Amino acid sequence: MGEINFVKKLNFQRNYMSSAKNQKISPKDEDAVNRLFESDRGRIINSAAIRRLQQKTQVFPLEQNAAVRSRLTHSLEVQQVGRYISKTVLGELKKKKLLEPYGLDERCDAFESLVEMACLMHDIGNPPFGHFGEAAIQRWFTKLLSPSYLYTPNSPDPCQISALQLTGNEKQDLFRRQLKQDLCSFEGNAQGLRMAHRLLKLNLTYAQIGSILKYTRGAYDLEPIPPEFDYLMKKPGYYWSEVDFVSELTKKLDMEKYCRFPLSYIMEAADDISYCIADLDDAAEKGIFTVEQLIEYLKAEWGDIEQNDLFDQTVMRAFNNISDNHTRRIQQDQFFMYLRVNITGKLSHYSALQFIKNLPEIYNGTFNSALLEDKSPEHRLLKVLKTVAFKHVFNHHEVEELELQGYRIISGLLDFYSPLLMMNRRDFAELVEKNYHKHFFIETRLFHKLSNKHRLSYTEALEKISATNEADKSILEFYYRARLIQDYISGMTDHYAYEEYRKFMVSN
């Protein structure tokens with residue numbers, strides 16, 4: 001373990017920052033460094049991806065009740081919890097007189113801002129309809145690229161999907177398998193990093209991007225996951241399309257292979273704390289259960305309650321604070337306010353202490369666990385809240401019907417846009433170049449519906465292809481074309497996806 005020095009770790013450089021500009025800013029100039037991170041705040045808050053979160057689901061897709069959380073309101077709550085944990089970490093280190101030895105006396109504002117913005121943007125890569133949208137994209141591409149799907153490699157004019165069919169060339173087939181797995185492993189976290197860097201071109205500081213890199217496995221990686229990193233690599237964290245940038249990022253942030261950036265642990269804890277309460281609050285708002293019923297569910301999962309144990313200090317104290325003099329609606333609001341205050345206070349403080357306790361490993365990114373994943377009462381309480389949500393919210397018939405509806409919408413949209421993937425490379429290139437193809441009327445109109453931002457990303461990617469043989473060029477062209485479709489559909493809001501699906505259904 002090397003020294004802990006956050007002046008070095010919180011890299012304020014950017015991917016597109018000129019070397020001359022870099023040289024003008026000294027790491028010792030705290031004000032100048034803070035202004036760079038403040039610029040990150042502005043870029044993130046003013047981005048279209050953040051605005052779209054207001055019409056993406058948290059639990060209840062297409063919800064009309066504004067009191068029920070969207071991804072945006074959820075992200076704002078995560079941001080606040082992340083700020084609380086950060087302040088607690090810095091406060092505890094100040095008490096121990098460790099701010100200066102750790103290089104944090106000049107980086108307190110930066111530390112806090114980086115965590116806050118990571119929390120705000122942690123869901124920007126999520127597709128419409130949440131995890132069911134993810135599952136729809138994964139399964140649709142898995143079916144499309146399965147060996148049983150109709151390939152036509154021997155026809156005079158094969159469709160471009162045949163570019164990923166195995167041919168017996170060992171090197172190229174390995175590449176094909178990697179890219180196939182990459183396309184079949186759509187993941188909101190990986191898409192979030194792609195959006196921030198490639199699609200939105202926010203050009204954030206390396207430290208800010210590092211703070212949202214939650215998982216350290218490439219979606220294309222076919223190698224077995226090392227046991228010492230099994231938690232950090234349990235999901236894909238980035239796609240093959242961003243592998244060069246992630247390699248550069250890890251060098252700039254002094255991160256070893258498979259390791260995490262330290263501030264991402266706080267972002268993750270803030271998300272865990274926020275949504276475990278929010279999902280129950282929203283379910284009560286929707287009338288799925290009453291506060292009294294929720295208490296019984298929570299008691300059943302916790303087991304025996306002892307006086308002044310964590311459950312008694314948080315859940316029961318919130319319930320006992322309800323005033324009998326108010327209406328049931330006000331009582332419900334009171335209960336969740338106290339519950340949120342009690343649980344956030346306890347779990348955030350514990351997360352901060354865990355961060356400090358394991359700081360050498362966390363600083364180096366080798367801490368192979370979440371901050372709230374141990375045998376503590378805090379972890380037990382978090383697990384109880386999640387279990388009750390799983391049993392009584394996510395399994396509720398209304399939620400399941402909405403999720404299935406979302407699954408069908410995303411699958412249907414992918415079906416509608418699939419003709420663009422079936423075109424051979426030459427014809428699609430003509431369509432891209434001329435914005436029209438006289439022999440592909442449907443495909444031309446589908447292509448016109450794709451956003452300019454996503455089309456530009458596709459053309460930029462093709463310009464950078466350095467492959468010398470036609471087979472590799474063909475493989476990469478199909479990969480980026482598939483990414484184009486995934487980018488477009490995953491970037492839709494719930495409402496836009498629903499309306500687009502309805503339009504296509506009517507046109508059929």
Side-chain angles (χ1 to χ4, degrees), residues 1-14 22 25-34 36-37 40 81-119 204-216 226 228-229 231-233 237 246-270 348-374 376:
M1 294 289 181
E3 66 167 344
I4 297 173
N5 182 2
F6 279 93
V7 170
K8 179 182 177 182
K9 182 65 74 171
L10 304 187
N11 191 322
F12 54 80
Q13 295 180 349
R14 305 182 192 279
N22 282 341
I25 300 172
S26 168
K28 296 180 180 180
D29 189 342
E30 185 178 359
D31 288 340
V33 171
N34 284 336
L36 290 173
F37 291 127
D40 282 346
V81 177
R83 175 185 172 92
Y84 187 10
I85 297 173
S86 298
K87 283 186 173 294
T88 306
V89 167
L90 296 171
E92 291 295 321
L93 290 175
K94 185 177 181 179
K95 291 178 187 176
K96 299 174 183 291
K97 302 187 185 304
L98 289 173
L99 285 180
E100 186 175 351
Y102 290 164
L104 278 168
D105 55 324
E106 299 176 0
R107 291 292 183 270
C108 285
D109 288 348
F111 187 100
E112 190 177 311
S113 182
L114 286 165
V115 170
E116 277 196 74
M117 291 302 100
C119 290
L204 302 172
T205 60
Y206 290 113
Q208 188 66 78
I209 286 285
S211 299
I212 65 167
L213 187 60
K214 187 175 178 180
Y215 300 109
T216 59
E228 64 271 27
F229 294 104
Y231 178 79
L232 300 181
M233 298 177 67
V246 171
S247 176
E248 176 187 342
L249 179 72
T250 54
K251 289 177 183 176
K252 294 291 185 179
L253 296 176
D254 194 26
M255 292 161 55
E256 296 294 330
K257 190 175 182 180
Y258 306 140
C259 293
R260 242 191 201 177
F261 189 64
L263 302 194
S264 63
Y265 290 95
I266 298 179
M267 176 270 287
E268 179 183 48
S348 295
H349 187 72
Y350 183 78
S351 298
L353 295 183
Q354 286 292 95
F355 184 88
I356 295 170
K357 177 183 176 182
N358 298 284
L359 191 51
E361 286 180 280
I362 286 172
Y363 180 85
N364 288 285
T366 58
F367 186 63
N368 190 41
S369 172
L371 295 179
L372 283 164
E373 191 170 274
D374 52 21
S376 65

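Keep in mind that what you see is a predicted model, and the values were worked out from it rather than measured.
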**Q** Of all heavy-atom pairs between Gly210 and Leu253, which one has the smallest distance, and what is that distance?
**A**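 Looking at all heavy atoms of both residues, the shortest contact is CA-CD1, 3.8 Å.
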**Q** After noting the C-alpha distance and the side-chain angles of Ile4 and Leu359, does the key distance pass the side-chain contact (heavy atoms from CB on, under 4.5 Å) rule?
**A** CA-CA 8 Å; Ile4 297 173; Leu359 191 51; 3.9 Å; yes
**Q** When you look at Lys87 and Glu112, which way does the salt bridge (charged side-chain N to carboxylate O under 4.0 Å, His left out) test go after all the steps?
**A** CA-CA 7 Å; Lys87 283 186 173 294; Glu112 190 177 311; 3.2 Å; yes
**Q** Give a yes or no on whether the backbone of Leu114 and the side-chain of Asp40 come within a donor-acceptor separation of less than 3.5 Å.
**A** no
**Q** Heavy-atom distance under 4.5 Å between the side chains of Arg107 and Tyr102, does that happen here?
**A**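 No - every pair of side-chain heavy atoms lies 4.5 Å or more apart.
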**Q** Report yes if some heavy atom in the side chain of Leu263 is under 4.5 Å from a heavy atom in the side chain of Lys9; otherwise report no.
**A** no
**Q** Measure from the side-chain N and O atoms of Asn368 to the backbone N and O of Leu232, and report whether any donor-acceptor pair falls under 3.5 Å.
**A**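 Looks like yes, one N/O pair under 3.5 Å.
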**Q** Should Arg260 and Glu268 count as side-chain neighbours, where that means a heavy-atom distance under 4.5 Å?
**A**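 Of all side-chain heavy-atom pairs linking Glu268 with Arg260, at least one is under 4.5 Å.
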**Q** Quick one: do Val89 and Phe111 satisfy side-chain contact (heavy atoms from CB on, under 4.5 Å)? Show the steps, please.
**A** CA-CA 10 Å; Val89 167; Phe111 187 100; 4.2 Å; yes
**Q** Quick one: does any side-chain atom of Asn11 pair with a main-chain N or O of Lys252 as donor and acceptor, under 3.5 Å?
**A** yes
**Q** When the ring centroid of Phe6 is compared with that of Tyr363, is the distance short of 6.0 Å?
**A**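 Yes, ring centres under 6.0 Å apart.
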**Q** About how many Å separate OG1 of Thr216 and NZ of Lys257, when rounded to the nearest 0.5 Å?
**A** 10.5 Å
**Q** In the structure I gave you, are the side-chain heavy atoms of Pro27 and Phe12 within less than 4.5 Å of one another anywhere?
**A**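 They are in side-chain contact.
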**Q** Tell me every residue that passes side chain to side chain contact (heavy atoms under 4.5 Å, CB included) with Asp374, counting only those two or more places apart in sequence or in another chain.
**A** Tyr350, Gln354, Ser376, His379
**Q** Applying side chain to side chain contact (heavy atoms under 4.5 Å, CB included), can you list everything that pairs with Glu228, at least two apart in sequence or on another chain?
**A** Pro226
**Q** Go through the steps for Ile266 and Phe355 under the test side-chain contact (heavy atoms from CB on, under 4.5 Å), then give the verdict.
**A** CA-CA 8 Å; Ile266 298 179; Phe355 184 88; 3.8 Å; yes
**Q** Could you state the interatomic distance from CG (Leu98) to CG (Asp105), rounded to the nearest 0.5 Å?
**A** 11.5 Å
**Q** Nearest 0.5 angstrom please: Ile25 CD1 to Leu36 CG, how far?
**A** 4.0 Å
**Q** Which distance, rounded to the nearest 0.5 Å, do you find between the CG of Asn358 and the CG of Leu371?
**A**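 Going from the CG atom of Asn358 to the CG atom of Leu371 covers 8.0 Å.
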**Q** Specify the closest pair of heavy atoms between Ile356 and Lys96, including all atoms of both residues, with the distance to one decimal.
**A** CG2-CE, 4.4 Å
**Q** Kindly compute the distance separating CE (Met267) from OG (Ser86), expressed to the nearest 0.5 Å.
**A** 11.5 Å
**Q** Measure the shortest side-chain to side-chain distance between Glu361 and Tyr265 over non-hydrogen atoms and say whether it is less than 4.5 angstrom.
**A** no
**Q** Looking only at heavy atoms, which two atoms of Asn5 and Gly103 are closest? And how far apart?
**A** OD1-CA, 4.0 Å
**Q** How long is the gap from OG1 on Thr88 to CG on Leu93, to the nearest 0.5 Å?
**A** 10.5 Å
**Q** Counting C-beta onward and ignoring hydrogens, is there a side-chain heavy-atom pair between Phe229 and Cys259 closer than 4.5 Å?
**A** yes
**Q** Set out, in order, the CA-CA distance, both residues' side-chain angles and the distance that settles side-chain contact (heavy atoms from CB on, under 4.5 Å) for Val7 and Val33, then state yes or no.
**A** CA-CA 10 Å; Val7 170; Val33 171; over 6 Å; no
**Q** Just so I know, are the side chains of Cys119 and Val81 near enough to count as touching, which here means a heavy-atom distance under 4.5 Å?
**A** no
**Q** Evaluate the salt bridge (charged side-chain N to carboxylate O under 4.0 Å, His left out) criterion for residues Lys95 and Glu92: first the C-alpha distance (whole Å), next the side-chain angles of each, then the deciding distance (0.1 Å), finally the verdict.
**A** CA-CA 5 Å; Lys95 291 178 187 176; Glu92 291 295 321; 3.4 Å; yes
**Q** Are Met255 and Phe261 close enough that some pair of their side-chain heavy atoms sits under 4.5 Å apart?
**A**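 In contact.
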